[in-house]
Every structure is written in C-alpha cells, then in structure tokens.
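Quick notes on the structure that follows.
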Number of protein chains: 2
Amino acid sequence: MVSADPRPRRRADAERSIARIVSAARETLSRDPSATVDDIAKTAGVGRMTLYGHFRTRPELVEAALVDALHDGERMLTGLDLGGDAQMAMNRLLASSWLLVAESAALLTAAQGVLTPGRLRELHNAAADRMEQLIRRGQRQGVFRTDLPLTWLVNAVHYILNGAAEETRLGRLDPADSPGIVIATVQAILAAPAVDGLPQQPGTNT
Amino acid sequence: MVSADPRPRRRADAERSIARIVSAARETLSRDPSATVDDIAKTAGVGRMTLYGHFRTRPELVEAALVDALHDGERMLTGLDLGGDAQMAMNRLLASSWLLVAESAALLTAAQGVLTPGRLRELHNAAADRMEQLIRRGQRQGVFRTDLPLTWLVNAVHYILNGAAEETRLGRLDPADSPGIVIATVQAILAAPAVDGLPQQPGTNT
DNA sequence: TGAAAGTCGTACTCATCCATACGAGTTATG
DNA sequence: CATAACTCGTATGGATGAGTACGACTTTCA
C-alpha cells in the first residue's frame, strides 16, 4: 500500500514542472471551475505542450489537483485529536480544515463535472467518512441532534462550509471572522435541541 | 410602473410559443445550468429558429426564465402573512417557497454565469430583502440570534435551501421530508442561543 | 381570404477549446 | 560531454455551441 511509482525514473526539472502545474491547477480551478487547460498552463508558467506531456487529458489533470488537495487535508489532520467531547472535536476539525475546504470547494465542483461519480466518491470518501463518524459519536454522546437524517447533517455542514467559502471569496465575509462564524453556525445545526425543562440525557455531558 | 409592453401587437401562437419556451428554459436550466439553446428549444417542442425569433441571445433567454421564476415567487407570497411571531412567519415562508427555491437553484446558477452581477442583484433583490427584513424583525423580537452578521444569516439560509434542493434532486432526501428538514435546520441556525439559566428577554415568547 | 406574422429546417460563419503532430531548442545526468 | 529527457512554439484536426441567412411552409386575424 506504499505509493507505487509506475514511472520511477523522472528528471528533476520534470518533477518541478509537475509540481507547478498541479499547484496552478488547484489555484486556477478554485477560482474558476471551468478554467481552460491553457489558463492553467499559463498560471503555471509553462507551455501547454509541457502540461500535456505530463497529463494526457483535462480530467486527468483535474483529478491530480483534487488528489493533491485531499492529500493536503490528510496531512493536515494527522496528529489532530478527534477524540473526547465531540463538540470540541468538531470545532477543532473545522478550525484546522476550514481554509482548505473553502479553497477546494470550487475545485470539487470542477471535478464533479469531469470525473465519474464513482471515481469521485472513491477519492472523497475518506474525508466524508471522518465527518460522519464524528457526528455519529456526538449523537451517541447526546450532544448532537438525532431527529434529522445523518446524511443530511453531514451534507448540511458541507453546504455551510462551501457557502462560507463563497462569501469569503466574494468579500462579503472577513477572512478573519470566517472560522468563528462557521464554527458557530455548524454548532447550531448539530446541537441537540435542549427542550425547555427537558434537558436531554443527564449525566452524558461531563 | 405597470408592466409595459414594448411590443403590443403579438399573435396568439407567438404568445403560446414564448410561454412554452420560457417554461422549457426553467425546466431545462434547473436540471443543467449549462444547457444548450438547442436543448431548451427541443424541450419546448419548438425549432431553434423560433426561439431565436423571440430571444435574441442566450443570456436574454436565461434572464426571462429567471424573471418568470421570480414572478412565480411573488405571486406565491401574495397574501402570505409575514407578521406576528417571526419564527412562525419564517416557517410559513419556508414552507410555501421552499419548492420554488429548490427548483430554481440551478437556474440561479445559470444566471450567475451569464448576467452581470448588477443586473442579477436588481432582479433578485426583492426576494433577498424580504428574507432580510424578516430575520431582522426576529432579532428585534429576541427570537433570532444577533451574534452573527445579518448578511451571513440570510445567505446561510440560502445555502441550506439550495443544499436541500440538491439533496432532493439527487435522491438522498425524500421530497416529502424535505420541507420539515429545511425548517428544522433553518430554525437551528437562526435561533437565539438560549444560554442555560439566562433565557433571553422574558415575555417575548407568548 | 389574403397579407402579415410566425414557424422551422438546412446550411453557414465564427469562436472556443481539447487534443495531437512535428520539430527545434534546452537541460539534466550517467 | 553526449544522450536521453524535457520544454515549448506553431500548426492542425475535430468537436461543440452561439448566432445569422435564407427561404419555404403554415397560422392567425382583420
């Protein structure tokens, strides 16, 4: 399961080009999901032919960009404690991943239009699962609501994340305030409704 | 300010064609925001040339479809009581407009890619204002939270609406359940956080 | 019923973008 | 330093989709 290189021999400058291209693809597609191959090549400061030398088709390039972003996510979450109080864990998860998710929202859109749903799910599942497990744990702890479908809760969080990303990109939200706003909103969505005079399962919230 | 007809004389069959085209545009663009003029004409059961006879460019057609959808919204809200308790009013607003908003979500996306931001705002402002006023009133009543930017609250509701629309379209949400889920989620987002032992302004919730 | 209005197919131009072909020049690396 | 790997411009092919031109046919309506 170690990352196997089908192409072990590659020159240093080629490696550099690929890195610049992938980076440019992430940047460009995050601003405009329908960006042209030529746009991406220009942003990378590289001829279009060089790009095609490494990525045979546009979908292949988009996938590479998405995979790179997801790898960043995994790396970022390494060593992040998702145990303990689910609410706190969720806040930590959001605080550390919000920026990446925000930046990659449009990239995900681009991928949706170009990759098969199956392939997309395969790539994106790890991230989605993590969120789902955490919410489920919060439900068992009694701090997250259980009266709405789990799938909806997971996706509602995503929609809020992407929405906040867009608001930030459009300048309607101060990037400095965004994390706090996202956390507060997600908390509100997930929180178990504390009915007046019927404070949920007592004893579960230490 | 009455709707002025720049083209008073128009034959009955032309009127019919236009209606079918606009309807087809709404339907088609709501499924695929990047639908072709040809697609729309086919859906309308009309030749492409007929379509071009009434709408000179694609943007013009998209705008007509959006305007039609917005008119539907206005018509739907006529006679809807938005007074009284803001929370209840919001529930009524969502219950009656959710379906239309859901259907028009993708249409709005199409419009965003084709209309100038100014023009789009001009068309869409009435609907957005209504939501904003209602939230503001709820804040004055003490039932909606005031610790997040008003703009964000308005747009967060929109993102949830569109998200629910997408979930429904993808079959991940039962259309019968959607309204209830949307209402519950929006309530959670807007509700003033009832701090334990500090139940907000007493006397406002009769 | 006849002229104006509307319908609509075919064929065309124009622009954009993906992808390939070729080939000359440049750089890494054993 | 020689060769293989890489870069990259120009040109080309092919697909798609917007919008126009033209002209024959049909429908409305005064």
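A, B, ... follow the sequence lines: proteins, then strands. Residue 1 opens every chain. These numbers were taken from a predicted model, which means no experiment stands behind them.
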Contacts of B:Arg31 that satisfy side chain to side chain contact (heavy atoms under 4.5 Å, CB included) - sequence neighbours left out: B:Glu27
Tell me every residue that passes ring pair (Phe, Tyr, Trp, His ring centres under 6.0 Å) with B:His54, counting only those two or more places apart in sequence or in another chain. none
Which residue pairs satisfy the ring-ring contact (aromatic ring centres under 6.0 Å, His included) criterion with at least one member in residues 146-175 of chain B, sequence neighbours excluded? B:His124-B:His158
Atom NZ of A:Lys42 and atom C1' of D:dG9 are separated, to the nearest Å, by 12 Å
So does B:Arg75 pair up with B:Asp72, basic N to acidic O under 4.0 Å? yes
Using distance only, find each side-chain donor-acceptor pair of residues 43-53 of chain B under 3.5 Å and give its atom names and separation, not counting sequence neighbours.
from	atom 1	to	atom 2	distance (Å)
B:Thr43	OG1	B:Thr28	OG1	3.3
B:Thr43	OG1	B:Asp39	O	2.9

Rounded to the nearest 0.5 Å, how far does CZ of B:Arg136 lie from CG of B:Leu153? 11.5 Å
Return the polar atom pairs (N/O with N/O) between nucleotides 20-22 of chain D and the protein under 3.5 Å, or none.
none

For A:Arg10 and C:dT27, give me the distance from atom CZ to atom C1', rounded to whole Å. 17 Å
Exercise answer: donor-acceptor pairs, residues 93-104 of chain A side-chain atoms, under 3.5 Å, sequence neighbours excluded:
from	atom 1	to	atom 2	distance (Å)
A:Ser96	OG	A:Arg92	O	3.0
A:Ser96	OG	A:Leu93	O	3.3
A:Ser97	OG	A:Leu93	O	2.7
A:Ser104	OG	A:Leu100	O	2.8

If you restrict it to nitrogen or oxygen atoms, what contacts under 3.5 Å exist between nucleotides 14-17 of chain C and the protein, and what is each distance?
none

A:Thr57: side chain to side chain contact (heavy atoms under 4.5 Å, CB included) partners, not counting sequence neighbours: A:Pro59, A:Glu60
Run the side-chain hydrogen bond (donor to acceptor under 3.5 Å, both in side chains) test against B:Asp38 and tell me which residues pass, sequence neighbours left out. B:Lys42
Could you go through residues 170-184 of chain A and list every donor-acceptor pair under 3.5 Å that involves a side-chain atom there, pairing it with any protein atom two or more places apart or in another chain?
from	atom 1	to	atom 2	distance (Å)
A:Arg172	NE	A:Glu167	OE1	2.9
A:Arg172	NH2	A:Glu167	OE2	2.9
A:Asp174	OD1	A:Ala176	N	2.8
A:Ser178	OG	A:Thr168	OG1	3.1
A:Ser178	OG	A:Asp174	O	3.1

Can you list, by residue number, the residues of residues 12-20 of chain A that have a non-hydrogen atom closer than 4.0 angstrom to DNA chain D? A:Asp13, A:Ala14, A:Ser17
Residues in side chain to side chain contact (heavy atoms under 4.5 Å, CB included) contact with B:Arg20, at least two apart in sequence or another chain: none
Atom CG of B:Asp38 and atom P of D:dA18 are separated, to the nearest Å, by 8 Å
Looking at B:His54, does any N or O in its side chain come under 4.0 Å of the phosphate oxygens OP1/OP2 on C:dT7? yes
Donor/acceptor link under 3.5 angstrom from A:Arg11 side chain onto base of C:dT29: no
